[in-house]
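Worksheet for the structure shown next.
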Amino acid sequence: MENTQQFEVPKDFDLPEELIYPAPRPLPEHVSTDLKHLKLFIQICLFIGALCCFGLARTMWLHRLALYFLPLAYLDWIGVGLIVIQLGHLLINRKTPHRLILFQNGIPVPARIDKLEKRPGMTMNGIPTQYAYNAIITLRVPGSPETDVLEVQSQILPDKNSCICTYKVGDYVSALCRSMEHGVNVNLYGFLNISKTEGVIKKDENKKTNFKEIVTVISLLLLLPGLFFIIFGCSYAYNNYSPLNFQFSRMWPAFATGAVIGLTVTIWLAASRQLKKRALNTANRAAAEKGEATEYFTDFWQGSGFDKLLRLIIIGVGVPLMCSMVSYCGAITLNAWLDDSEAQVEIVDIDKLVMKTHAYMFREYVIEYHFPNDKKKRSFTTSPFHIAGFGNSKGGAVAIHRGAFGWKWIKKIAPL
């Protein structure tokens, strides 16, 4: 793309000391050290992971868990796979990263920054997961008589707010150009994660971490285990504590409580989004006045037309519905846990013993039965050891309890 604006390099423009050396340039010592540390860290992580797999594969409690979560039964093979990856990383991963090849062999030229913005480098389901600085620059590529306008991107940031960019709009900075088979590779020197004083650099490491950052990190660490706990907890409660006869007229408060919580969360998310967008717009105006990098706003709600409508439905309906189901599962769990009533024993007919596998990963063991005077098929989720006790038995006895909230449920089932 040809640039129509005048491109005049200031007379006092100088290349950084690292770029004065002829190609191939030696890597700065701190860059070589960081590369060695990264490779060593990967090797240590793979080795520890393999040891954990071999060790856990020999524990009895994990053998029991493997009956329900199938990948755990193959921990030895997973450990072998990690060792193979470790060896492959040692033998094969000797290539120099592209950014360092550009530094070593690229031709340094001056470039002017016309636009600077921090935007998502990767987005999953509308949610930004990684950020990078993007710049529109004007430069004269070696061998070209005209100036060109190009867009370049920094390396992915470790964290959205972990780095700052020293460049400003209008600055003349150093760029590197390297001829390749299908064109020219161009990037700013400060975007290659080499300089500690120019371009994208880490914030002051001596800055004290505030309480909000600590809470955010802890919340993120607990998020994934918490979601798994809720999902499996709800599944277990639904399969083991469900009322014998579901009556919505008696159980609606549990659903209503969850729906209210879900609506509150939805409203809070929408209000937080507006506040965040407003604060970012204010910060962008201030940054633009100073010539600093602005930040592109995006989140799950971004979109247009049917895509945006679908996302609004997912959040507006999905969150309250999900919360109502979690609330219901919590209610039937309390109904069972707080129940101290005497058991009422009744005879049932055993239809079949079933082992179900879901998504090739999760396995459940179910006893399907019905009451003699009621042909409605019912199921009771249990363990493989319990099912083994039934053998060829066609009859069973169930222990029915009244429930703390008056919702009858089945606690046990035994063969006859």
Side-chain angles (χ1 to χ4, degrees), residues 1-32 34-35 95-121 130-158 162-202 287-288 290-296:
M1 178 179 177
E2 187 175 330
N3 183 28
T4 58
Q5 296 182 3
Q6 191 174 12
F7 181 74
E8 293 184 358
V9 181
K11 294 181 180 180
D12 59 350
F13 177 81
D14 288 322
L15 292 173
E17 184 180 350
E18 294 86 351
L19 299 181
I20 296 176
Y21 299 101
R25 301 177 188 87
L27 291 176
E29 185 177 351
H30 73 274
V31 175
S32 301
D34 289 344
L35 277 178
K95 293 179 63 177
T96 304
H98 291 297
R99 64 183 180 91
L100 299 184
I101 294 177
L102 179 60
F103 168 76
Q104 289 178 315
N105 301 296
I107 300 174
V109 296
R112 185 184 65 219
I113 296 179
D114 298 326
K115 185 178 179 181
L116 192 61
E117 187 176 47
K118 180 166 61 175
R119 65 173 65 162
Q130 294 179 335
Y131 278 82
Y133 282 96
N134 289 67
I136 294 178
I137 61 174
T138 300
L139 78 166
R140 185 173 286 108
V141 176
S144 174
E146 303 291 339
T147 57
D148 292 305
V149 177
L150 304 173
E151 183 172 359
V152 294
Q153 185 181 77
S154 73
Q155 303 300 303
I156 295 297
L157 305 179
S162 63
C163 299
I164 60 173
C165 186
T166 63
Y167 293 152
K168 293 184 178 181
V169 174
D171 285 354
Y172 281 82
V173 299
S174 301
L176 289 162
C177 305
R178 175 173 171 261
S179 296
M180 301 181 69
E181 184 178 353
H182 302 291
V184 181
N185 183 16
V186 178
N187 209 337
L188 298 177
Y189 167 61
F191 278 7
L192 301 180
N193 279 6
I194 293 176
S195 175
K196 290 188 174 182
T197 58
E198 177 181 338
V200 179
I201 59 176
K202 291 184 178 180
K290 300 176 183 178
E292 297 176 350
T294 57
E295 182 176 335
Y296 179 78

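A donor-acceptor contact shorter than 3.5 Å links the side chain of His30 to the backbone of Ile194. Looking only at distances, no side-chain donor or acceptor of Asn187 sits under 3.5 Å from a matching main-chain atom of Ser154. With Ser174 contributing its side chain and Pro110 its backbone, the two residues share no donor-acceptor pair below 3.5 Å.
For the atom pair CG of Asn193 and NZ of Lys202, the computed distance is 8.5 Å after rounding to the nearest 0.5 Å. Atom CD1 of Ile201 sits about 4.5 Å away from atom CD1 of Ile164, to the nearest 0.5 Å. Taking CG from Asp148 and OG1 from Thr138, the interatomic distance works out to 9.0 Å, rounded to the nearest 0.5 Å. Leu100 CG to Leu35 CG: the interatomic distance, rounded to the nearest 0.5 Å, is 5.5 Å. Note that CG of Leu176 is 6.0 Å distant from CG of Leu192, once rounded to the nearest 0.5 Å. Note that the CG atom of Asp114 and the CG atom of Leu139 stand 10.0 Å from one another [nearest 0.5 Å].
The minimum heavy-atom distance between Pro26 and Phe103, with the atom names listed, is O-CE2, 3.6 Å. Across all their heavy atoms, Arg178 and Gly106 have their closest contact at CB-CA, 4.2 Å. For Leu102 against Cys177, the heavy-atom pair with the smallest separation is CD1-C, 4.2 Å. Of all heavy-atom pairs spanning Arg140 and Ser144, the tightest one is CG-O, 3.4 Å. Of all heavy-atom pairs spanning Val152 and Ile137, the tightest one is CG1-CD1, 4.0 Å. The shortest heavy-atom contact between Ala293 and Ala287 is O-CB, 3.6 Å.
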- Message: Is there a side chain to side chain contact (heavy atoms under 4.5 Å, CB included) between Ile113 and Leu188? Walk through the geometry before answering.
- Response: CA-CA 10 Å; Ile113 296 179; Leu188 298 177; 4.3 Å; yes
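Every side chain to side chain donor-acceptor pair (under 3.5 Å) that Tyr172 has, sequence neighbours left out, goes to Arg112. For Glu117, the salt bridge (charged side-chain N to carboxylate O under 4.0 Å, His left out) partners are Arg119, not counting sequence neighbours. With sequence neighbours excluded, the residues satisfying side chain to side chain donor-acceptor pair (under 3.5 Å) with Tyr167 are Glu198. Glu29 is linked by a side chain to side chain donor-acceptor pair (under 3.5 Å) to nothing, counting only residues two or more places apart in sequence or in another chain.
Note on residues 17-26: pairs passing side-chain hydrogen bond (donor to acceptor under 3.5 Å, both in side chains), not counting sequence neighbours, are Glu18-Tyr189. The stretch residues 98-111 participates, sequence neighbours left out, in no side-chain hydrogen bond (donor to acceptor under 3.5 Å, both in side chains) pair at all.
At a threshold of 4.5 Å between non-hydrogen side-chain atoms, the residues Thr197 and Thr166 do not count as touching. In this structure the side chain of Glu151 reaches within 4.5 angstrom of the side chain of Asn134, judged on heavy atoms.
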